[in-house]
Amino acid sequence: MSRKLLLLRPYFFPMSNIVSILQNAVAKAVTDLYGEATDPAKVQVNTTPSDFTGDYSVVIFPFVKIAKKAPDAAAAEIGAFLQEKVSEIRAYNVVKGFLNLEISDAYWQQFLNSTVANPDYGRQPVNGKKVMVEFSSPNTNKPLHLGHIRNILLGWSCTQILEAVGYEVVKTQIVNDRGVAICKSMVSWLSFGAGKTPASEGIKSDHFVGDYYVLFEQKIKEEYAAWQNTAAGQAVLVEKQKPGQAPGDFFKDFKNKWFNEYSVLGAAVREMLLKWEDHDPETLALWQKMNGWVYEGFEKTYQDLGVKFDKLYYESNTYLLGKDIVEQGLAKNVFFKKEDGSIWIDLTDAGYDQKVVLRADGTSVYITQDMGTAQMRHEELGCERYIYVVADEQNYHFQVLFEALKRLGEPYANGLFHLSYGLVELPTGRMKTREGTVVDADDLIAEVIRIAGEQSAERGETEGVSEAEKQENLRKVAMGALKFFIIKVHPKRKMIFNPEESVDLQGQTGPYIQYSFVRINGLLQRVEREQIDLSKASEYQQIMPQEKDLLVALHDYPAVVLQAAEAYDPSLIANFCYALAKSYHRFWHDLSIFNADTAAAKAFRLQLSRAVGKVLQSAMGLLGVEMPNRM
RNA sequence: GGCUCCGUAGCUUAAUGGAUAGAGCAUCUGACUACGGAUCAGAAGGUUAGAGGUUCGAGUCCUCUCGGAGUCACCA
């Protein structure tokens with residue numbers, strides 16, 4: 001199957017790019033031969049499948065009507081025209097309406113030279129535009145888990161890709177640092193913590209807080225079970241039980257109500273929340289202390305994942321926002337007020353429902369905050385685009401949010417984008433906190449590093465490397481495996497995460513790609529050591545198919561980055577990396593490099609390897625994956 | 001039930017409407033007395049859930065059916 005190429009836009013690529021040369025030439029051929037103007041950008045140019053002769057193929061079918069000829073006849077005519085007019089074309093052939101073109105070695109030589117010389121190959125010039133990417137956005141009551149990891153890797157990778165195509169990127173997260181959840185952890189620690197701290201217990205500080213959250217849930221369960229057997233509990237059962245309902249079912253349904261009206265711990269949480277909202281100094285101090293522990297822990301995890309943020313927003317500062325915008329919306333008749341005083345937006349004409357935007361008591365809901373935050377951020381940052389990396393369970397929320405902001409006439413509304421991704425599930429199904437099946441981020445990271453260490457020890461390939469360097473390389477391999485495993489899947493797709501496969505180091509994996517880089521690194525070190533002169537590369541004749549595959553892939557790289565940026569899809573980069581590494585391994589296997597027949601071939605292959613290494617490092621960097629020197 | 005998304009080999013997955021649906025894992029068979037075997041080659045494995053339609057051409061677009069997920073909170 002041929003690889004599809006982007007319809008390149010001329011202003012991104014100089015005329016030295018062979019694909020745009022071909023597109024323009026074909027358009028000209030159609031105009032000259034058949035008298036009809038054609039948009040060069042719409043000319044379909046693909047890489048030629050390996051079982052045909054040629055480097056690129058033009059799809060002729062779209063022109064047969066204009067040409068009033070059979071596909072093969074038109075293809076032959078256009079082929080002859082191209083060969084005569086385009087010096088880069090060495091030969092052509094026609095198969096079933098496809099025009100296969102062979103590109104001259106001189107072109108590829110020139111391409112390789114310029115690629116090796118260009119440190120920014122694949123990147124676009126700075127375009128002066130700003131874009132914000134919001135990702136991670138954790139709650140502060142428990143540590144990060146596998147779901148966050150996908151979010152973080154996707155978000156981070158998008159920031160790198162957008163920077164590569166010229167944007168200034170503001171990396172942000174909204175920290176959900178207030179609300180019932182953190183109050184549960186606070187109550188739990190006050191009630192059962194006995195003054196313990198992360199330091200006194202030797203536990204990573206976000207896990208420490210998370211443990212008290214879990215403990216709270218456990219205690220509340222115990223309290224509820226005990227209450228059910230009290231006289232009060234039995235009285236409620238008798239009074240409110242539906243006919244024929246089993247006591248177990250009743251108590252299951254009744255849990256929320258019980259928590260709000262009968263539970264001692266529940267009352268403590270509500271009180272805590274109220275005190276927090278009243279700015280009670282003691283409560284605020286506790287809140288700050290425990291959140292501080294959580295941030296300290298998050299920071300470590302972010303470091304392990306290799307990500308950082310430019311700007312943090314805290315929900316405690318933003319949760320009251322959005323009331324102004326509601327007022328304005330009311331004045332503009334975008335919103336309306338119901339009898340009870342609550343304010344709504346009616347989106348039924350757009351296929352959505354009515355949605356409350358402000359409660360009758362004047363307090364905010366989720367979407368109020370989000371409208372307010374969007375407005376505030378635009379005032380602060382003035383970006384052209386705002387990307388929200390949030391799981392697809394919130395698709396509807398973002399559709400409503402964006403639609404509301406559009407109707408309010410917000411100037412940035414058309415630049416909003418929800419980068420929606422599928423939830424991560426385990427082979428056993430969805431992760432559930434209550435069932436303890438949540439995969440913890442730190443545990444997972446530790447596990448992949450452990451396994452990479454085992455594998456490396458078996459191979460024993462790292463003699464003469466310092467311990468520190470060994471550890472560093474191990475970390476890169478392990479994180480490469482984990483990150484690639486997650487990013488290679490299309491964001492929209494729900495992904496099944498098999499912990500065992502995620503640490504595979506063979507096949508379609510990060511380490512497979514890193515290994516090709518390590519091989520290249522070995523070659524280049526030898527070039528350095530032996531002071532090998534690579535200038536003879538340009539004398540090389542007769543490029544081999546294994547070499548051509550690499551050249552074509554390298555040539556495609558800038559277009560792939562652009563496509564990934566436009567689609568907000570890092571998996572495109574991951575697939576590109578794998579294909580390039582695969583071609584390189586094959587090249588390595590089939591052809592001699594240092595023992596090549598001629599000095600020119602040796603130099604050419606070394607130069608080619610250098611270019612491949614450079615592009616691999618660059619592309620994997622866009623995924624947040626670092627390359628080890630040895631492994 | 002309404003809306004949205006998804007269904008590709010045993011499993012995990014790829015494919016701007018273009019050629020014989022491409023990989024990896026697992027299974028089986030092979031490969032340099034080394035430029036590093038975390039590699040390479042080969043075999044086997046598919047009615048792209050099913051049925052219609054549009055098109056020169058459909059995994060991809062349209063309609064319907066079946067199956068799965070999400071959502072439809074004055075939670076976030």
Side-chain angles (χ1 to χ4, degrees), chain A residues 1-7 44 46 48-49 51-52 57 59-62 64-65 71 95-98 100 137 139 176 178-181 315 319 338 340 342-344 351-353 355-361 363-370 391-397 399 420 422-423 425 427 430 452 455-456 458-459 461 477 481 485 488-490 492-498 500-502 504-509 511-516 518-520 522-523 526 563 567 571-572 574-575 578-579 581-582 584-586 588-596 602 605-606 609 630-631:
Chain A
M1 167 80 67
S2 59
R3 185 148 32 88
K4 281 118 191 197
L5 302 171
L6 251 200
L7 303 176
Q44 293 180 60
N46 301 338
T48 304
D51 31 1
F52 298 98
S57 300
V59 183
I60 297 298
F61 291 106
V64 296
K65 206 173 259 180
V95 181
K96 290 198 295 182
F98 291 87
N100 302 322
S137 303
N139 294 319
N176 299 303
R178 63 167 283 280
V180 174
E315 202 204 348
Y319 81 110
K338 287 197 177 175
D340 66 354
S342 60
I343 298 174
W344 294 68
Y352 309 127
D353 294 321
K355 189 97 186 166
V356 71
V357 294
L358 204 65
R359 293 188 185 107
D361 63 6
T363 55
S364 301
V365 291
Y366 182 39
I367 199 162
T368 327
Q369 285 182 47
D370 269 1
D392 63 7
E393 49 189 358
Q394 293 198 39
N395 283 354
Y396 183 70
H397 169 74
Q399 282 168 358
S420 163
L423 291 177
E425 294 184 7
R430 207 168 158 172
Q455 302 268 329
S456 172
E458 272 178 33
R459 293 195 171 78
E461 292 281 1
V477 171
F485 184 80
K488 73 177 180 183
V489 180
H490 191 283
K492 205 169 145 188
R493 211 179 166 97
K494 173 181 87 181
M495 76 172 287
I496 312 285
F497 184 88
N498 186 330
E500 287 171 19
E501 287 171 9
S502 72
D504 273 354
L505 310 176
Q506 287 161 20
Q508 193 178 29
T509 65
Y512 174 95
I513 298 161
Q514 289 171 322
Y515 185 55
S516 59
V518 166
R519 283 178 148 177
I520 291 166
L523 293 181
R526 183 162 160 192
Q563 194 177 6
S571 73
L572 290 171
N575 292 331
Y578 175 68
K582 191 172 164 64
Y584 189 77
H585 281 309
R586 183 175 195 152
W588 174 287
H589 179 268
D590 289 356
L591 303 176
S592 294
I593 300 174
F594 277 105
N595 303 324
K602 175 166 145 183
R605 287 172 192 166
L606 286 167
S609 297
R630 306 261 316 247
M631 60 193 280

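A note on names: the letters A, B, ... follow the listed sequences, proteins ahead of strands, and every chain is numbered from 1.
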Worksheet item: Are any of the side-chain nitrogens in R430(A) or E425(A) under 4.0 Å away from the carboxylate oxygens of its partner?
Response: no
What contact category does [X] fall into here, base, sugar-phosphate, or nothing, at under 4.0 angstrom with non-hydrogen atoms?
| X | value |
| --- | --- |
| V477(A) | base |
| L591(A) | base |
| D370(A) | nothing |
| V518(A) | base |
| K582(A) | sugar-phosphate |
| I496(A) | sugar-phosphate |
| S57(A) | base |
| S592(A) | base |
| L505(A) | base |

Discussion item. Tell me whether the ring of F98(A) lies stacked over the G18(B) base, given a 5.5 Å limit on centroids and a 30° limit on the plane angle.
Written reply: no
Is [X] close enough to [N] that one of its side-chain N or O atoms is under 4.0 Å from OP1 or OP2 there?
| X | N | answer |
| --- | --- | --- |
| R493(A) | U12(B) | no |
| Y515(A) | C40(B) | no |
| K602(A) | C35(B) | no |
| K96(A) | U20(B) | yes |
| K492(A) | C6(B) | yes |
| R519(A) | G36(B) | no |
| W588(A) | G37(B) | yes |

In Watson-Crick or G-U wobble terms, both distances under 3.5 Å, what is the partner of [N]?
| N | result |
| --- | --- |
| C61(B) | G53(B) |
| U16(B) | none |
| G7(B) | C66(B) |
| C32(B) | none |
| U47(B) | none |
| A38(B) | none |
| U71(B) | G2(B) |

Worksheet entry | Under-3.5 Å donor-acceptor pair between D504(A) side chain and A38(B) base | no
Practice prompt. Tell whether S571(A) reaches the base of A14(B) with its side chain through a donor-acceptor pair below 3.5 angstrom.
Written response: no
Fill in: 5' precedence on RNA chain B between H585(A) and Y578(A) (nearest-nucleotide basis)
Y578(A)
Item to complete: Could you pick out which residue, Q455(A) or N498(A), lies toward the 5' side of RNA chain B when each is mapped onto its nearest nucleotide?
Response: N498(A)
Worksheet item: What one-letter contact string describes nucleotides 66-76 of chain B from 5' to 3', where B marks a base within less than 4.0 Å of any protein heavy atom, S marks contact via sugar-phosphate atoms alone, and - marks no contact?
Response: ----SSS-BSB
Gap between atom [atom2] of [Y] and atom [atom1] of [X] - 0.5 Å precision:
| X | Y | atom1 | atom2 | value |
| --- | --- | --- | --- | --- |
| Y512(A) | H585(A) | OH | NE2 | 4.5 Å |
| S420(A) | H397(A) | OG | NE2 | 12.5 Å |
| K355(A) | Y366(A) | NZ | OH | 10.0 Å |
| Q455(A) | L505(A) | CD | CG | 4.5 Å |

For atom [atom1] of [X] and atom [atom2] of [N], their distance in whole Å:
| X | N | atom1 | atom2 | value |
| --- | --- | --- | --- | --- |
| H589(A) | G37(B) | NE2 | P | 9 Å |
| M631(A) | G36(B) | CE | P | 14 Å |
| F61(A) | G18(B) | CZ | P | 12 Å |
| Q44(A) | G17(B) | CD | P | 10 Å |
| F594(A) | G36(B) | CZ | C1' | 13 Å |
| F497(A) | U13(B) | CZ | P | 12 Å |
| Y352(A) | G2(B) | OH | C1' | 14 Å |
| I513(A) | A23(B) | CD1 | C1' | 12 Å |

Practice prompt. Scan side-chain atoms only and decide if Y319(A) and T368(A) contain a donor-acceptor pair under the 3.5 Å cut-off.
Written response: no
Worksheet item: Counting side-chain heavy atoms from C-beta on, which of A23(B), A38(B), U20(B) comes nearest to S456(A)?
Response: A38(B)
Discussion item. Counting only side-chain heavy atoms from C-beta out, which of U12(B), C35(B), G18(B) sits nearest to I593(A)?
Written reply: C35(B)
Fill in: Worked verdict on H490(A) versus S571(A) for side chain to side chain contact (heavy atoms under 4.5 Å, CB included)
CA-CA 5 Å; H490(A) 191 283; S571(A) 73; 4.2 Å; yes
Item to complete: Decide if the gap between the ring center of F497(A) and the ring center of F485(A) is smaller than 6.0 angstrom.
Response: yes
Nearest-Å distance once atom [atom1] is located in both [N] and [M]:
| N | M | atom1 | answer |
| --- | --- | --- | --- |
| A9(B) | C5(B) | C1' | 24 Å |
| A43(B) | U48(B) | C1' | 23 Å |
| A34(B) | U29(B) | C1' | 23 Å |
| A26(B) | C62(B) | P | 38 Å |
| C66(B) | A31(B) | C1' | 48 Å |
| C72(B) | U63(B) | C1' | 25 Å |

Side-chain contact test, heavy atoms from C-beta onward, threshold under 4.5 Å: evaluate it for [X] versus [Y] and give yes or no.
| X | Y | answer |
| --- | --- | --- |
| F594(A) | L523(A) | yes |
| Q44(A) | F61(A) | no |
| Y578(A) | K488(A) | no |

Worksheet entry | Working for side chain to side chain contact (heavy atoms under 4.5 Å, CB included), residues V59(A) and F98(A) | CA-CA 5 Å; V59(A) 183; F98(A) 291 87; 4.0 Å; yes
